[in-house]
Amino acid sequence: MKDELINGNDLIALGYPANAVMKECKIILETHLSTLPKEQALEKFKLVLEDTQAFTEDDIWKNVAKILLSKPAKVIIELKDLSKSGTYNIFGQEYIEPGAKQQMQLAMRLPITHSGALMPDAHQGYGLPIGGVLATDNAVIPYGVGVDIGCRMCLSILDIPLYHFDENASKFKRELIAHTVFGAGAPRLKNRADHAVLHDPAFDQVPFLKQLQEKAAMQLGTSGSGNHFVEWGIVKIQDEQNEWNLPTGKYVGILSHSGSRGLGAQVAGHYTKLAEKLCSLPQEVKRLAYLSLDSQEGQEYWLAMELAGNYASACHHDIHQRLVEATGAEVLARVENHHNFAWKEQHGGKDLIVHRKGATPAGKGVLGIIPGSMTAPGFIVKGRGLATALDSASHGAGRLMSRKQALIKNNWNELRSMLKDHNVTLIGAGLDEAPTAYKNINQVMQAQSELVDIVGTFKPRIVRMADA
DNA sequence: ATGTCC
């Protein structure tokens, strides 16, 4: 081949895919076509592309033919131009790291995205940021829900007198240890669980779920690890108009935070992989791969997601029930909500799929729980239904430090002193969960005063988390 | 988040 050289762009212009075939073409160019004029060489490439089948046995071209036939060019879905992606509202702008905003901006550019919002506890995650809310059109993003599907809060307000709790603190601590199970992969202790959710028809409707049924039974009522907890604490009801007609004042309560354990994690992993296979997005957003709700896979994910949500809910109820029975308490009121989930909702008269990944549903009048930290209060909230926040609020204070960073910066002396100051007994946990690793919950609540009203607070007193 | 890549 004389004078001008053929390059990759020439081949792509002919219609060649930009994949492994390029390497083979380069070898042929160098070893067999080096003396041919450019036009003639291009003609040859064109012929191979048009009649690939005829070259599958050709000594020179068989590798090229094989790749052309086996690997059809993958169509990468294009992101919307920034100018057409629409804006999203950020609450608590000053508390949010740039990485989380960049992730949200990318999510806004998906072709399926309708609208979005970022909560004041937001920080970087896989795919959608934690604290990200994304409304899409008839499609679900497994990583827009998160790895721990149905991760949620549950608060039981009890009839136990405060003085009884204080006088018997060691018994309450013992029962908390006896009736909660922490640790990754940890199975339930002793008695085998039975619960309607373990017989959910979804286990038979979705083949992938069948193999997870036994694991789900083994782990029912367990809490897992990470930032999950079960705690005794003091509820303070301050809204006189509360729905339970409870007199304002202090109550003993149980607050728990956990999700769908191995069941949800396996579902998330499986359908994320499937989505990435079926929905090729540019590298920087590949974790936002989505499934159409009209597809078999999308419908399966939705069913599996709802099962994982119900399972997570059952886990909380099981934990609360055992603690309530062990202490002879009665439940006066209960507040609970998912904060890693997707819902079918109407916004502005349009049917949408609303993903909340680390965000609390806050539709008008909807109750929820936003935890603080092991020493900072959590909040019982009532949604204000702000449209620009897509009826959402934060799911907590949000991390200030990464786990790794927190392990380096925090120390046990400081943590022990904080626990003492706040009259908190801690069982388990590591320095990565120290209160100093989290944002200031009061600032976060201030930043979302348009999103939720405060009904009451919860001050942790005996906290159990997974061992470090 | 989960016994951490089918």
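None of the values given here were measured: they were computed from a predicted structure. Below, read A as the first sequence line, B as the second, and so on, with proteins coming before strands; counting in each chain starts at 1. In what follows, every heavy atom counts, from backbone to side chain, and hydrogens, waters and symmetry copies are set aside.
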**Student:** Assign A/Ser260 to base, sugar-phosphate, or nothing according to its heavy-atom contacts below 4.0 angstrom with the strands shown.
**Tutor:**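 Answer is nothing: A/Ser260 stays at 4.0 Å or more from every strand.
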
**Student:** Under 4.0 angstrom, heavy atoms only, what part of the nucleic acid is A/His228 near: base, sugar-phosphate, or nothing?
**Tutor:**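 Sugar-phosphate contact only - A/His228 comes under 4.0 Å of backbone atoms but never of a base.
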
**Student:** OP1, OP2 of B/dG3 versus side-chain N and O of A/Lys215: anything below 4.0 Å?
**Tutor:**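 For A/Lys215, the contact criterion (side-chain N or O under 4.0 Å from OP1 or OP2 of B/dG3) is met.
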
**Student:** Does any non-hydrogen side-chain atom of A/Tyr438 lie less than 4.5 Å from one of A/Met374?
**Tutor:**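 No, too far: nothing below the 4.5 Å cut-off.
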
**Student:** Roughly, in whole Å, what's the span from OH in A/Tyr126 to C1' in B/dC5?
**Tutor:**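 Roughly 13 Å, once rounded to whole Å.
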
**Student:** Measure NZ/A/Lys273 against C1'/B/dT2 and give the value in whole Å, please.
**Tutor:**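 Computing the A/Lys273:NZ to B/dT2:C1' distance gives 12 Å.
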
**Student:** Does any part of the side chain of A/Cys151, heavy atoms only, come nearer than 4.5 Å to the side chain of A/His228, both counted from C-beta?
**Tutor:**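 The answer is yes, as the side chains (C-beta and beyond) meet within the 4.5 Å cut-off.
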
**Student:** Return the value, rounded to whole Å, for the distance between atom CG of A/Asp148 and atom C1' of B/dT2.
**Tutor:**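 It is 9 Å, rounded to the nearest whole Å.
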
**Student:** Using whole Å, what does the distance between atom P of nucleotide B/dC6 and atom CD of A/Gln266 come to?
**Tutor:**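 Going from CD in A/Gln266 over to P in B/dC6 covers 9 Å.
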
**Student:** Has the side chain of A/His355 got a donor or acceptor atom that lies under 3.5 Å from a matching backbone atom of A/Val140?
**Tutor:**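 Between the backbone of A/Val140 and the side chain of A/His355 there is no qualifying donor-acceptor contact (under 3.5 Å).
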
**Student:** For A/Leu212 and B/dC6, what is the distance between atoms CG and P respectively, to the nearest whole Å?
**Tutor:**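 After rounding, the gap between these two atoms is 13 Å.
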
**Student:** Figure out the OH/P separation between A/Tyr143 and B/dT2, and round it to whole Å.
**Tutor:**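 My rounded result for the distance is 13 Å.
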
**Student:** Among B/dG3, B/dC6, B/dT2, which nucleotide sits nearest the side chain of A/Gln219?
**Tutor:**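 Nearest nucleotide to the side chain: B/dG3.
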
**Student:** Pick from A/His395, A/His338, A/His316, A/His339: which one makes a ring-ring contact (aromatic ring centres under 6.0 Å, His included) with A/His257?
**Tutor:**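 Only match with A/His257 under ring-ring contact (aromatic ring centres under 6.0 Å, His included): A/His339.
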
**Student:** Starting at atom CZ of A/Arg261, determine the distance to atom P of B/dT2, rounded to an integer number of angstrom.
**Tutor:**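 That distance rounds to 5 Å.
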
**Student:** Tell me what A/Gly224 touches on the nucleic acid: a base, only sugar-phosphate, or nothing, going by heavy atoms under 4.0 Å.
**Tutor:**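 Sugar-phosphate: the residue A/Gly224, judged by heavy atoms under 4.0 Å, touches backbone atoms but no base.
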
**Student:** Output the rounded distance in Å from CG (A/Leu274) to C1' (B/dC6).
**Tutor:**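 About 12 Å, once rounded to whole Å.
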
